[in-house]
Amino acid sequence: MCAGRIRNFALEDGKMISMTDVRTRFAPSPTGFLHVGGVRTALFAWLVARQAKGQFILRIEDTDQAREVEGSADHLISSLKALGINYDEGPDIGGPYAPYLQSQRLDTYKPWAQKLIDSGRAYADPYTAEEIQAFRDQAKAEKRAFLYRDHRPENPPAWDGTMPLRFKSEPKPYQWHDEVMGDLHSGPEVIDDIILIKSDGYPTYNFAHIVDDAEMKITHVIRGQEFLSSQPNYLNIYETLDLAFPIFATMPHILGESGNKKLGKRDGAKDVLDYLRDGYLPETMINFIASLGWNDGTEQEVFTRDELIEKFSLARVQRSGARFDEQRLLWMNGQHIRSLNLDDLYDRVADFWPESAKQVREERKKQVLALVQDRLKTLADLPTLTDYFFTEPTPNWSMVSDNKQLAKISTDEAKDLLRATKSALESSDFDADSIQNTLNALLETTGQKPGVLFSLIRLAVSWAPFSPVLNETLAVLGKDTTIARLTQALADQE
RNA sequence: GGUCCCAUCGUCUAACGGUUAGGACACCAGGUUUUCAUCCUGGCAAUAGGAGUUCGAUUCUCCUUGGGAUCACCA
């Protein structure tokens with residue numbers, strides 16, 4: 001980026017941070033796979049960091065032993081890598097503020113908690129779960145909001161680590177700025193004595209993320225809308241800990257295909273790796289997810305990774321949720337596939353060839369690939385589009401009778417046309433141009449429309465639902481194969 | 001229910017308070033003397049409702065309606 005674009009960010013307390021000090025993080029909990037909602041949070045944080053030439057950090061928030069899913073931290077990491085969302089510091093690569101696994105940072109949280117205890121701003125929660133539930137039920141019966149601080153124990157016992165440690169809040173109204181949502185505000189009634197450390201010794205997200213963000217010098221806290229209502233409580237903690245507010249940016253949710261609900265795992269949100277397995281390109285996913293709630297103000301729809309880094313801005317992120325439209329995703333994937341050069345595309349389709357192509361040499365496969373590149377919407381389309389190049393298709397004359405154009409002619413007419421085609425092509429040089437000339441001449445001699453003749457030839461040599469431009473298809477198939485297939489098609493209908 | 005957030009075509013979105021409200025996906029109709037899932041052209045289609053401010057409101061304010069988030073020893 002050119003130096004002229006470097007600017008500084010102002011923090012709430014008036015301090016300035018320079019752009020290259022920008023540090024953003026993605027802080028998922030290892031409770032399952034990474035879905036598109038999570039990807040977007042990660043992506044936007046990554047874009048902010050990359051644009052500023054700052055750092056992007058991966059921190060795993062594994063403070064809930066009960067909900068943790070075995071192997072999901074690794075899954076998260078491989079998902080980010082597959083998408084090309086690379087991080088500068090993280091659990092597997094370390095960094096100046098290691099470890100990046102919260103479960104390994106328990107000693108980090110202790111002094112901060114102690115500081116609060118010492119200043120009388122944290123206390124042990126002596127109640128049982130049942131007692132708290134009773135308070136809650138009572139509040140509900142009286143139709144008022146339940147607040148723990150209404151039940152603060154008068155003489156809490158010394159905290160010995162076996163009870164939850166609660167924050168002694170100082171209720172007050174807040175107003176703050178959010179890079180996406182704008183100016184926000186809240187009243188004192190939403191501030192409560194939230195739990196800082198659970199009775200199992202692990203900190204809650206509410207406490208741990210604030211400590212870690214401060215320790216790790218995170219400048220931008222970018223996260224989903226679900227945390228918005230907790231924000232005032234966090235602000236209260238920042239103040240008590242004497243920490244400057246970072247820059248906040250709240251992302252609206254991605255909504256499911258139908259309905260308006262937040263797209264979550266329970267609503268059928270897919271593992272982002274599944275999209276890759278289904279033949280979507282990483283750059284498609286990045287582009288599509290970014291464009292879900294962000295645009296650069298121009299009419300550009302398709303962006304490369306570098307363009308996204310250059311053009312992204314939090315200020316242009318939409319405030320309302322956006323629906324995940326797979327149709328649009330499919331279209332966009334086609335756009336990205338077409339923009340790839342052949343060698344690059346060849347490398348990426350390695351796992352998508354049909355079985356029949358396994359032993360085929362590279363040169364041949366590239367020849368076929370070049371022909372079908374325009375037709376691919378996902379890499380997984382490759383087998384149906386190319387199988388007949390590598391193996392003899394089985395004639396299926398119902399494809400002829402079911403064809404809209406070919407329904408007009410009889411089987412005998414069709415066979416006559418194929419015979420004529422065969423003899424015409426036998427004397428062709430069989431490069432794409434000669435074939436085209438031969439076919440054009442054939443149109444004249446047979447008096448058929450291209451829609452009829454060419455549809456028929458296409459089916460007789462491929463028996464596939466779709467195929468590329470006819471003359472080039474025949475050229476790639478080669479003269480011998482083409483003639484043999486025409487013969488076979490005729491024989492099948494004897 | 002309390003609190004907070006949001007509101008332009010079916011969907012994703014653009015529009016210093018002044019535009020015939022623009023683009024894209026999808027859909028429909030043509031075209032590319034070649035089918036088809038590429039490509040090109042055209043078409044359909046939106047400011048949730050009501051007040052107010054203003055010469056003028058998609059844009060600012062309020063109300064209504066609708067949607068969402070959150071009210072855990074989950075994050």
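Numbered from 1 within each chain, the chains take letters A, B, ... in sequence-line order. Note: hydrogens, waters and symmetry copies are ignored here, and every other heavy atom, side chains too, is used.
- Here B:rG2 sits opposite B:rU70 as a Watson-Crick or G-U wobble pair (both hydrogen-bonding atom distances under 3.5 Å).
- By the 6.0 Å and 45° rule, A:K366 stacks over the aromatic ring of A:Y346.
- A sub-4.0 Å separation between OP1 or OP2 of B:rA14 and a side-chain N or O of A:Q318 is present.
- In this structure, the nucleotide among B:rA69, B:rA15, B:rC36 sitting nearest to the side chain of A:R316 is B:rA15.
- The phosphate of B:rA75 has OP1 or OP2 within less than 4.0 Å of a side-chain N or O from A:K198.
- In this structure, A:D381 and A:E301 both approach RNA chain B, and ranking their closest nucleotides by distance from the 5' end singles out A:E301.
- Across all strands, A:H209 comes closer than 4.0 Å to no nucleic acid atom at all (heavy-atom distances).
- Spacing of C1' atoms, B:rA69 relative to B:rC9, comes out at 27 Å, to the nearest Å.
- The CZ-C1' distance, from A:R319 to B:rU8, rounds to 16 Å in whole Å.
- If you check every strand for non-hydrogen atoms under 4.0 Å, A:A322 touches sugar and phosphate atoms only.
- Ring geometry for A:F248 against A:Y238 counts as perpendicular: the plane angle is over 60°, on a 0 to 90° scale with 30° as the lower cut.
- Separation of the P atoms belonging to B:rG67 and B:rA48 is 16 Å when rounded to the nearest angstrom.
- Listed candidates were B:rC73, B:rC74, B:rC5. Nearest to the side chain of A:R67 is B:rC74.
- Between A:H75 and A:F33, the angle of the ring planes lies from 30° to 60°, which puts this pair in the tilted group.
- For A:S320, counting side-chain heavy atoms from C-beta on, the closest listed nucleotide (B:rU35, B:rC74, B:rC6) is B:rC6.
- Sequence order on RNA chain B of the closest nucleotides to A:I197 and A:D183 puts A:D183 first from the 5' end.
- Base pairing annotation: B:rA7 forms a Watson-Crick or G-U wobble pair with B:rU65, both donor-acceptor distances under 3.5 Å.
- Here A:R328 pairs with A:E301 in a salt bridge; the nearest charged N to carboxylate O distance falls below 4.0 Å.
- Checking A:Y275 against A:E326 by side-chain atom types alone, a donor-acceptor pair falls below 3.5 Å.
- The side chain of A:K377 lies closest to B:rA26 when the candidates are B:rA26, B:rC74, B:rA72.
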